[in-house]
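Report on the structure given below.
Every chain is numbered from 1 and lettered A, B, ... according to where its sequence line falls, protein lines coming before strand lines. Atoms considered below: every heavy atom in the structure, side chains included; atoms not considered: hydrogens, waters and symmetry mates. As the structure is a prediction and not an experimental result, all values here were calculated from the model.
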There are 2 protein chains.
Amino acid sequence: MAKLARVDPSVVSRIINDDTALLIKDETRKRVLEAIKELNYRPNANARSLRKRKTMMLGMVIPDFLNPVYGEIIRGAELQASTEGYHLMVCSINKDSKCNYLSLLREGRIDGLMVASSEFEDSSISELEKENMPFILVNRLTLSMHDYVIADDTYGAKLAVNHLIDLGHTQIGHLSGPLFTGTGTERFQGYRAALKESGIDFFPSYLHETGYTVESGYEGMMKLLELPDPPTAVFAANVLSSIGAIQAIKVKGLTVPDDISVVGVHDVFFASMIDPALTTVKMPLFEMGIEAVKSLIKKLNGEQTGVSVRIPGAELIVRKSTSVPPTKSIGGYYERTGKASK
Amino acid sequence: MAKLARVDPSVVSRIINDDTALLIKDETRKRVLEAIKELNYRPNANARSLRKRKTMMLGMVIPDFLNPVYGEIIRGAELQASTEGYHLMVCSINKDSKCNYLSLLREGRIDGLMVASSEFEDSSISELEKENMPFILVNRLTLSMHDYVIADDTYGAKLAVNHLIDLGHTQIGHLSGPLFTGTGTERFQGYRAALKESGIDFFPSYLHETGYTVESGYEGMMKLLELPDPPTAVFAANVLSSIGAIQAIKVKGLTVPDDISVVGVHDVFFASMIDPALTTVKMPLFEMGIEAVKSLIKKLNGEQTGVSVRIPGAELIVRKSTSVPPTKSIGGYYERTGKASK
DNA sequence: CTGTTAGCGCTTTCAC
DNA sequence: GTGAAAGCGCTAACAG
């Protein structure tokens with residue numbers, strides 16, 4: 001122990017926590033500091049957490065470490081956490097590894113939890129709520145309102161759909177996210193709003209509810225392609241589903257964007273590398289991670305009761321997967337009338 | 001407390017840790033179990049860790065959460081950790097957020113550390129070693145031998161290069177990883193060995209040392225393309241650098257694979273989605289995560305002293321970025337002689 | 001300015 | 001079979 005500096009442990013404690021209330025003789029402080037350096041002493045975090053009832057650890061639940069959307073959020077969260085002197089513990093929740101986030105909280109391993117998984121069931125959330133656990137939702141909502149940090153998904157969706165409309169599309173499909181999720185419904189609402197503002201009717205069979213995965217995007221797009229008069233453009237609520245959509249279009253022997261244009265949400269780093277380079281809406285994911293940590297810490301400190309943040313700043317990144325609509329219908333049934341018809 | 005079950009805390013402890021040495025009356029056990037259920041009681045992890053000098057937490061250091069290679073490793077590690085009753089704490093180490101892995105260990109927040117970052121300096125590792133900290137290297141090596149879990153990178157590289165040779169290439173460039181890393185040197189050695197086995201001379205200017213990033217792959221490829229007689233095929237030591245290489249080739253107005261073939265290492269989920277779909281060597285990353293946790297736990301339990309594992313099973317995944325060499329040299333200087341020349 | 005004391009919530013040894 | 005007591009390493013209140 002640093003008691004080899006010939007002082008009481010409490011003095012060491014005061015120095016380490018630089019307790020400004022009590023003054024410590026320079027000579028003593030120096031002696032202790034030297035002993036600390038020599039022994040590479042670091043106070044035991046468990047003892048400290050036990051005493052202070054605070055671990056300085058934050059938890060975050062995501063669906064999958066391979067999903068680049070969450071990678072970006074984690075980056076922001078990790079940065080902000082370390083800035084504020086906290087550690088971050090991320091775990092994914094899926095069938096295999098059942099990260100027991102609730103135990104993490106109950107056992108006092110973490111001070112607060114960020115729920116950033118859309119796969120996370122509402123029932124689990126109400127359990128957190130029932131036990132009055134300190135948590136915050138990230139990039140998602142629930143029916144029962146909670147503290148949350150989200151982006152402006154409605155605006156982002158409008159950006160995407162207006163881009164398609166500006167190119168001349170009027171037959172615009174939507175591969176929505178799960179419509180029981182906040183991001184899914186908001187993006188869907190943005191889609192409808194954009195159509196309405198341009199006087200384009202909403203056509204229910206052009207809507208397909210999918211998950212945020214490549215597979216479900218593929219399947220959803222297949223359904224749209226089987227329509228007698230398929231859309232000339234598709235707004236996919238996610239990058240992964242947009243990639244699945246492109247695969248489906250290729251499999252059907254059609255070309256993106258010549259036959260069908262595709263826009264996705266989330267400008268992940270490989271969006272520019274796929275074929276064709278994907279037009280996307282860039283959402284402020286990094287900022288979301290930062291804000292999530294800020295808000296959670298505020299909540300922990302009781303500085304704020306309802307910490308609900310909506311981060312502005314979605315941005316359209318135009319690449320090669322969108323272009324003007326083809327002049328003839330895909331099925332060859334009739335000539336397109338184009339934007340002039342509206 | 002569960003002492004509302006009218007028993008001593010020590011009894012609760014025995015029941016929770018199902019201490020088989022001491023038998024407990026069925027009636028008491030039932031009463032305690034009911035109280036636990038009712039209160040949703042979970043023992044405080046900090047108190048427990050303090051007492052037992054064990055946290056059941058494992059740490060892992062990676063360079064970046066956006067790098068899908070590590071995502072795969074984390075997945076495996078998380079699964080195995082939860083299987084063995086441990087929690088996993090991953091943090092990335094970069095200029096911004098300086099996850100202090102050493103403090104994590106010294107403060108007793110984690111029982112052991114997995115170092116899976118090639119960016120992690122050797123000096124930091126010797127510091128870990130000097131303080132006799134329980135750690136293990138994952139997917140990397142150092143000069144001073146340590147416990148490690150790696151894949152067969154030499155074999156993986158041979159797989160890639162032999163594929164190119166089989167297609168008829170003799171002018172094969174290599175965008176190596178950093179040659180001070182184990183993966184970098186092993187893949188380079190596999191490249192040389194494959195060339196040698198086919199009687200192809202190693203041509204030093206065809207070797208370019210790059211980092212494991214898109215940018216460095218781009219730059220390295222540009223250098224190769226500026227050669228008077230550039231290679232007809234390139235083996236990139238990483239997915240990201242292979243993507244950078246493809247970008248460079250496109251920028252120069254050339255086509256993959258018609259003008260130049262490209263093989264990369266690591267079959268990440270978007271390898272099939274880029275343009276052209278990437279031929280890769282799939283390394284056993286998920287298994288690496290699993291083995292890393294197994295080995296670290298063995299080391300912690302003192303079951304094994306030198307835990308060094310090499311995981312077999314690299315696999316070639318052929319897609320669209322490789323084909324037979326062009327019949328004419330790119331620069332147009334002379335006719336290719338092909339494999340027959342050797 | 002520094003030492004003494006008590007206690008955070010648990011586990012373990014010993015006593016009954 | 002269960003309770004009592006001590007102590008893990010720290011911090012906070014109080015004494016001196």
Checklist entry - Does any N or O in the side chain of A/Glu291 come within less than 3.5 Å of the main-chain N or O of A/Ile311, such that one atom is a donor and the other an acceptor? => result no
Next on the checklist: I want to verify a distance call: between C/dC1, D/dC10, C/dC10, whose nearest atom is closest to the A/Lys25 side chain?
Outcome noted: C/dC1
Checklist entry - At under 4.0 Å between heavy atoms, what does B/Leu50 touch on the DNA or RNA strands: base, sugar-phosphate, or nothing? => result base
Checklist entry - How close or far is atom C1' of C/dG9 from atom CG of A/Asn44, stated in whole angstroms? => result 14 Å
Checklist entry - So what does A/Asn46 touch, heavy atoms closer than 4.0 Å: a base, only the sugar-phosphate, or nothing? => result nothing
Checklist entry - Over how many whole Å does the gap from B/Arg51 atom CZ to D/dG9 atom P extend? => result 10 Å
Item to check | Spacing of A/Arg42 atom CZ relative to D/dC10 atom P, expressed in whole Å | outcome: 11 Å
Item to check | Nearest-nucleotide 5' precedence on DNA chain C, B/Arg14 against A/Arg31 | outcome: A/Arg31
Checklist entry - Heavy atoms under 4.0 Å, any strand shown: does B/Ser49 hit a base, just sugar-phosphate, or nothing? => result nothing
Item to check | A/Ala151 to A/Pro284 - nearest heavy-atom pair and separation | outcome: CB-CD, 3.9 Å
Next on the checklist: Could you tell me how far apart B/Tyr41 (OH) and C/dG9 (C1') are, to the nearest whole angstrom?
Outcome noted: 7 Å
Item to check | Length of the line joining A/Arg48:CZ and D/dT11:C1', which is rounded to integer Å | outcome: 9 Å
